[in-house]
**Student:** 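Quick one: the structure is below, and I'll ask about it shortly.
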Amino acid sequence: MYNKGTIIPGLIIFVLFVTFPIWFNGLTTAGDLPKPELPPGGEKQCVMPADYMRANHMQLLNEWRDNVLRDGDREILEIDGKKYPKGLQMACMQCHTQKEKFCDSCHTYAAVDPYCWDCHLTPNEAASKEATH
Amino acid sequence: MKYAFSFLAVIALVLIAWLGSQIPGMQYLFGVAIPYLAIMIFLGGFVYRVVQWAKSPVPFSIPTTCGQGVSLDFIKQDKLDCPTKTSEVVARMFLEIFMFRSLFRNTKSELHEGPKITYESSKWLWIFALLFHYSFLVIIVRHMRLFLNPVPAWLQFLDFMDAGAALQVGAPLLYASDLVLVLGVVLLFSRRLINRQVRYISLANDYFPLFLIFAIATTGILMRYFLRTNIDIISIKELAVGLVTFSPVISAKIGSIFYIHIFLVSTLLIYFPYSKLMHMGGVFMSPTRNMKNDSRAKRHINPWNDPTIKPHSYAGYEDEFREFMVDAGIPVEKELPPKKDDE
């Protein structure tokens, strides 16, 4: 083998790059799975079944955002006698009051950084803002 | 027809994964066993190929000289295109690997009436290759968020920039790299079809990686934006982190589109070391780029020279064969010693 001095270090660097996730995780266990906390109020009913919400909640919220802000369509959804105004704070966060224990648990795990909170406030933040004013 | 064959091969792979992953128990094969096998073949095959190349001697000093070499003091050397020092070679290789400088030099020739031939610069291949390779790199790095727990901040930043570059379109956010990768593959494929000369020399193994990567990108995009049923990112990440910590689990039902995606990626990894895709390692190993053009200053010894074969000068040759040369009437530089008469 010729040029061992450069080729062998090169190959080692390549293998380290490819196996990056293995040693970066420190050869440890997989770590904890996120456990989103269910609504503290004990509500069981949502606008859609849980499976659908798990997979598609971001698309639903995006649709609501477009309906309300772009088309001015503030039609209130009624599902099984319960009324849901279209809105993150007005609907979702009425039951899922704890962003940190519900939204963030999965979002942090999957490194998703939704821009909802650029404008919206969590109930805790809203309360603290009200107190300071 | 060469592209039809490659296309059908990719369709067959999709069908295998789609139908196979529906069979109970086969999820483990597609989600765990094949990915492990693929990464082992990829690493082993890659190292094997590079070592094989490293074992091949380079008999001559063969850097491609594309500019003025070192000459008299008042003639300016083209340091990047005719390097004589290691630092110049490193600079040349850097630009080759990161900017695809050889493709930048691509030209096209056309025959016009007359007949008259014209040559002009053709930068399309260079542009398409840049779009394709860099978006692919970003996508691969971005996928690390599914393998790392916790996710490092720089990775989140890359993700943020990639989604932000496409101006927060849709939910989940559209990635700029997704768009550019598909664009790059389509352009590279169109080039093979539209450019007659390139089409003539294209083989099934030129089309196959393009179709395969196109299918990988398509399944990924479908999974992220459209076919979201049973695509729960948490259980997918659980599997991915499980794979790299050697404790894989498939705890929930994951949609077929995921298994198609991961099977195609495994195919790409397995195919990699045996195909033209090895240009990833080969670009570092090409003697026409990584050698110095110093053959006049420093003798390049052919490594396969047999050390037992000694140099044989003309004087030595004549000494050995002088008698026969004189006999045959061939002129010699040194005459035969005068013979003593043996009477």
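Labels below follow one simple rule: chain letters A, B, ... track the order of the sequence lines, proteins then strands, and each chain is numbered from 1.
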**Student:** Between B/Leu155, B/Ile233, B/Ile231, B/Leu173, which shows the greatest number of heavy-atom pairs under 4.5 Å with chain A?
**Tutor:** B/Leu173

**Student:** Heavy-atom cut-off 4.5 Å, strictly under: side chain, backbone, both or neither for B/Pro57 against chain A?
**Tutor:** both

**Student:** For B/Lys276, look at atom NZ and say whether over 12 heavy atoms of other residues, nucleotides or ligands are found less than 6.0 Å away.
**Tutor:** yes

**Student:** In terms of heavy-atom proximity below 4.5 Å to chain B, should A/Thr6 be classed as side chain, backbone, both, or neither?
**Tutor:** neither

**Student:** Drop me the distance from B/Leu277's CG to B/Leu269's CG, to the nearest 0.5 angstrom.
**Tutor:** 10.0 Å

**Student:** Sort out for me which of A/Leu33, A/Asp66, A/Leu60, A/Thr108 touches chain B most, counting heavy-atom pairs under 4.5 Å.
**Tutor:** A/Leu33

**Student:** What part of B/Ser235 is in contact with chain A, defined as an atom under 4.5 angstrom from a non-hydrogen atom: side chain, backbone, both or neither?
**Tutor:** neither

**Student:** Would you be so kind as to tabulate the donor-acceptor pairs closer than 3.5 Å made by side chains of residues 156-164 of chain B, with sequence neighbours excluded?
**Tutor:**
from	atom 1	to	atom 2	distance (Å)
B/Asp159	OD1	B/Tyr175	OH	2.8
B/Asp159	OD2	B/Tyr175	OH	2.9
B/Asp162	OD1	B/Ala176	N	3.3
B/Asp162	OD1	B/Ser177	N	3.0
B/Asp162	OD1	B/Ser177	OG	3.3
B/Asp162	OD2	B/Arg142	NH1	2.5
B/Asp162	OD2	B/Ser177	OG	2.4

**Student:** Please classify the contact between A/Tyr52 and chain B as side chain, backbone, both or neither, with a heavy-atom cut-off of under 4.5 Å.
**Tutor:** neither

**Student:** Under a 4.5 Å heavy-atom cut-off, does chain A meet the side chain of B/Ile236, its backbone, both or neither?
**Tutor:** neither

**Student:** Considering only heavy atoms and a distance below 4.5 Å, find which of B/Leu146, B/Val47, B/Leu148 pairs most often with chain A.
**Tutor:** B/Leu148

**Student:** Counting a contact as any heavy-atom pair under 4.5 Å apart, which residues of residues 253-265 of chain B contact chain A?
**Tutor:** none

**Student:** Is the closest side-chain heavy-atom distance between A/Asp51 and B/Asp232 below 4.5 Å?
**Tutor:** no

**Student:** Return the set of residues passing side-chain hydrogen bond (donor to acceptor under 3.5 Å, both in side chains) with B/Arg289 (not counting sequence neighbours), or none when no residue passes.
**Tutor:** B/Thr64, B/Glu96, B/Ser102

**Student:** Angle class for the A/Phe20/A/Phe24 ring planes (parallel below 30°, perpendicular above 60°, tilted otherwise)?
**Tutor:** tilted

**Student:** Select, from A/Glu63, A/Arg54, A/Lys4, the one with the greatest count of heavy-atom pairs under 4.5 Å involving chain B.
**Tutor:** A/Arg54

**Student:** Measure the spacing between OG of B/Ser266 and CD1 of B/Ile41 and express it to the nearest 0.5 Å.
**Tutor:** 10.0 Å

**Student:** Please enumerate all residues that pass salt bridge (Lys or Arg N to Asp or Glu O under 4.0 Å) together with B/Arg299, with sequence neighbours excluded.
**Tutor:** none

**Student:** Do you know which of B/Ala240, B/Pro152, B/Pro150 has the most heavy-atom pairs under 4.5 Å to chain A?
**Tutor:** B/Pro152

**Student:** With only heavy atoms counted, which part of B/Gln52 is less than 4.5 Å from chain A, the side chain, the backbone, both or neither?
**Tutor:** neither

**Student:** Hey, is B/Lys298 close enough to B/Asp294 for a salt bridge, meaning N to O under 4.0 Å?
**Tutor:** no

**Student:** So B/Phe100 and B/His133, would you call those rings parallel, tilted or perpendicular, with 30° and 60° as cut-offs?
**Tutor:** perpendicular

**Student:** Whether B/Lys55 engages the ring of A/Tyr2 as a cation-pi pair (distance to the six-membered ring centre under 6.0 angstrom, angle to the ring normal within 45°) should be assessed.
**Tutor:** no

**Student:** In terms of heavy-atom proximity below 4.5 Å to chain A, should B/Phe42 be classed as side chain, backbone, both, or neither?
**Tutor:** side chain

**Student:** Apply the test side chain to side chain donor-acceptor pair (under 3.5 Å) to residues B/Ser286 and B/Thr288: give CA-CA distance (whole Å), side-chain angles for both, the deciding distance (0.1 Å), then the verdict.
**Tutor:** CA-CA 5 Å; B/Ser286 47; B/Thr288 55; 4.6 Å; no

